[in-house]
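For the single chain, residues carry numbers from 1 onward in sequence order. This structure is a prediction, so every number in the text was calculated from the model and none was measured. Computed from heavy atoms alone, side chains included, the values below leave out hydrogens, waters and symmetry copies.
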Amino acid sequence: MLHLNSSRSISNPSDPDAQLTANNGEYLVNISLGTPPFPIVAIADTGSDIIWTQCKPCTDCYKQDAPLFDPKSSSSYRTVSCSSNACNSLQSEGSSCSSDGSVCEYQVSYGDQSHTQGDVAAETLTLESKTGNPVALPKTVIGCGHDNAGTFSPKGSGIVGLGGGPASLVSQLGSSIGGKFSYCMVPYAAAKPTSTMNFGTNAVVSGNGVLSTPLISDPSQPTFYFLQLEAVSVGSKKIAFQGSSIGGSGNIIIDSGTTLTLVPTDFFSQLSDAVETQVTGGTKTSDPEGFFSLCYVPDSSLKLPPVTAHFKGADVVLTSDNIFIQVNDKVVCLAFYANDQLSIYGNVAQQNFLIGYDLPKQTLSFKPTDCTNT
């Protein structure tokens, strides 16, 4: 691990960073695993913890475009024992022992019913930096997935968990990044689909236009970053938000790994009605897949009402790219969806904002930004 002085407030070109790429509803982050470093492209997910990639031998894996990671080709790869701290850190990820009791194994299922299972290992993970010199993080706990399936894109080979639990990349980086990371998500259709995820002092969000809201933790769900969303305004209509209830005041999680913003059914109905009432021009249409309920033909006459997400202490003004998602060349649909389980602020709503997490200060910052320039 790195041991940098977390009290620094000036930018540091040697702090780690990583390229982030928009990919059809998700964002892929570039890392490397092993010795020599083997490039991995995986989903950047603030809603989960474990870092995992598909590994040889793959008994049941989804199709991926890039070559599979081969642990036998890495001199630094080590499986971990069932009694190790690394195995214990993954208890919430369903860690268990192999049939012969020699290797710690994991099994994780996600909200969309995708899953991964395999061996828990200690491996060198490498990130980039602005100096051009790689930042190597030896003995990072990862999952080497041998049975993986679900909605995964062939362009990615796993997930980089960025949540608040002990197994996430953020937690394993520890004091070296001072509990700070940031990202800026470009719109899916941007001509330049890439931006940069920063860790450490380079992740501090500052300057004009910054809005900050409390990050709220729930000890029973340490993975999730909860926020307090008080209301959403559509034009002059302000709709109070209740959302998920936890022990504290948080009622919605912010999640880079979920595409849409998920809200309770009653709130969704009010929001959808308010948007439909205040849209002018355009032609209402239906979603050809039958998934979305409010869709329009995106012609020049379509005018959308202003929409503001009122977080505690932060009134975040959303753009049309945050409110509607393009499902094909001829249809855009409201990028919110009714869900009475967990409320989630998804990645469409986060596009073109520089979003900074400061875990020691327990704050999350939004700064409107053209993410193609980051």
Side-chain angles (χ1 to χ4, degrees), residues 18 20 23 26-34 37-74 76-80 82 84-98 103-127 137-173 197 222-223 255-258:
L20 203 59
N23 177 52
E26 63 194 16
Y27 289 85
L28 301 175
V29 62
N30 289 57
I31 64 171
S32 294
L33 290 175
F38 182 86
I40 298 289
V41 180
I43 298 168
D45 187 15
T46 60
S48 68
D49 290 326
I50 191 170
I51 307 160
W52 67 268
T53 188
Q54 298 202 114
C55 288
K56 289 183 177 181
C58 239
T59 54
D60 186 10
C61 288
Y62 64 89
K63 181 183 181 297
Q64 70 173 55
D65 295 339
L68 290 169
F69 177 67
D70 186 355
K72 292 182 178 178
S73 298
S74 172
S76 49
Y77 180 90
R78 300 287 186 275
T79 55
V80 303
C82 299
S84 66
N85 290 334
C87 193
N88 291 333
S89 74
L90 287 170
Q91 285 183 345
S92 62
E93 312 288 351
S95 62
S96 61
C97 270
S98 58
V103 176
C104 180
E105 298 178 334
Y106 76 96
Q107 182 173 350
V108 179
S109 295
Y110 297 95
D112 62 359
Q113 307 309 308
S114 300
H115 74 266
T116 175
Q117 64 183 71
D119 296 335
V120 179
E123 179 60 291
T124 297
L125 184 150
T126 302
L127 297 170
L137 310 163
K139 299 182 180 178
T140 300
V141 179
I142 67 162
C144 201
H146 300 296
D147 179 354
N148 321 292
T151 58
F152 299 111
S153 161
K155 292 186 178 179
S157 60
I159 291 180
V160 174
L162 299 163
S168 79
L169 177 60
V170 174
S171 295
Q172 292 195 69
L173 283 164
M197 172 175 284
T223 297
D255 184 5
S256 64
T258 295

Checklist line | Residues Thr59, Asp147; criterion side-chain hydrogen bond (donor to acceptor under 3.5 Å, both in side chains); working and verdict | finding: CA-CA 6 Å; Thr59 54; Asp147 179 354; 5.3 Å; no
On a heavy-atom basis, which atom in [X] and which in [Y] lie closest, and how many Å separate them?
X      : Y      : value
Ala18  : Val29  : CB-CG2, 3.5 Å
Tyr62  : Gly156 : OH-O, 3.2 Å
Cys82  : Ser96  : SG-O, 4.3 Å
Phe69  : Cys144 : CD2-SG, 4.5 Å
Gly145 : Cys61  : O-SG, 4.3 Å
Ala44  : Met197 : CB-CE, 4.2 Å

Next item on the list: Would you tell me whether Gln64 and Gln54 have side-chain atoms, one donor and one acceptor, within less than 3.5 Å of each other?
Entry: yes
So do the side chains of [X] and [Y] get within less than 4.5 Å of each other, counting heavy atoms only?
X      : Y      : result
Val41  : Lys155 : no
Leu90  : Val141 : yes
Asn148 : Cys58  : yes
Ile50  : Tyr106 : yes
Phe152 : Ser114 : yes

Is it true that a side-chain atom of [X] and a backbone atom of [Y] form a donor plus acceptor pair closer than 3.5 Å?
X      : Y      : answer
Ser74  : Pro71  : no
Asp49  : Gly165 : yes
Glu123 : Lys139 : no
Thr124 : Ser76  : no
Ser168 : Gly163 : yes
Thr126 : Pro37  : no
Glu105 : Gln117 : no
His146 : Asp119 : no
Thr53  : Ser157 : yes

Starting at [atom1] of [X], measure out to [atom2] of [Y] and round the result to the nearest 0.5 Å.
X      : Y      : atom1 : atom2 : result
Ile159 : Ile40  : CD1   : CD1   : 13.0 Å
Ser32  : Phe38  : OG    : CZ    : 9.0 Å
Leu33  : Leu125 : CG    : CG    : 5.0 Å
Leu169 : Thr140 : CG    : OG1   : 7.5 Å
Asn30  : Leu127 : CG    : CG    : 10.0 Å
Ser256 : Tyr27  : OG    : OH    : 10.0 Å

Margin query: Could you walk me through whether Tyr110 and Thr116 satisfy the side-chain hydrogen bond (donor to acceptor under 3.5 Å, both in side chains) test, starting with their C-alpha distance in whole Å, then the side-chain angles of each, then the deciding distance to 0.1 Å, before giving a yes or no?
Written below: CA-CA 9 Å; Tyr110 297 95; Thr116 175; over 6 Å; no
Notebook entry, point to check: Does the pair Val120 and Cys87 meet the rule for a side-chain contact (heavy atoms from CB on, under 4.5 Å), with working shown?
Noted result: CA-CA 7 Å; Val120 179; Cys87 193; 5.6 Å; no
Checklist line | Positive for side chain to side chain contact (heavy atoms under 4.5 Å, CB included) with Asp45, one of Asp255, Leu162, Val160 | finding: Asp255
Item checked: Gamma sulfurs of Cys104 and Cys97 within less than 2.5 Å -> no
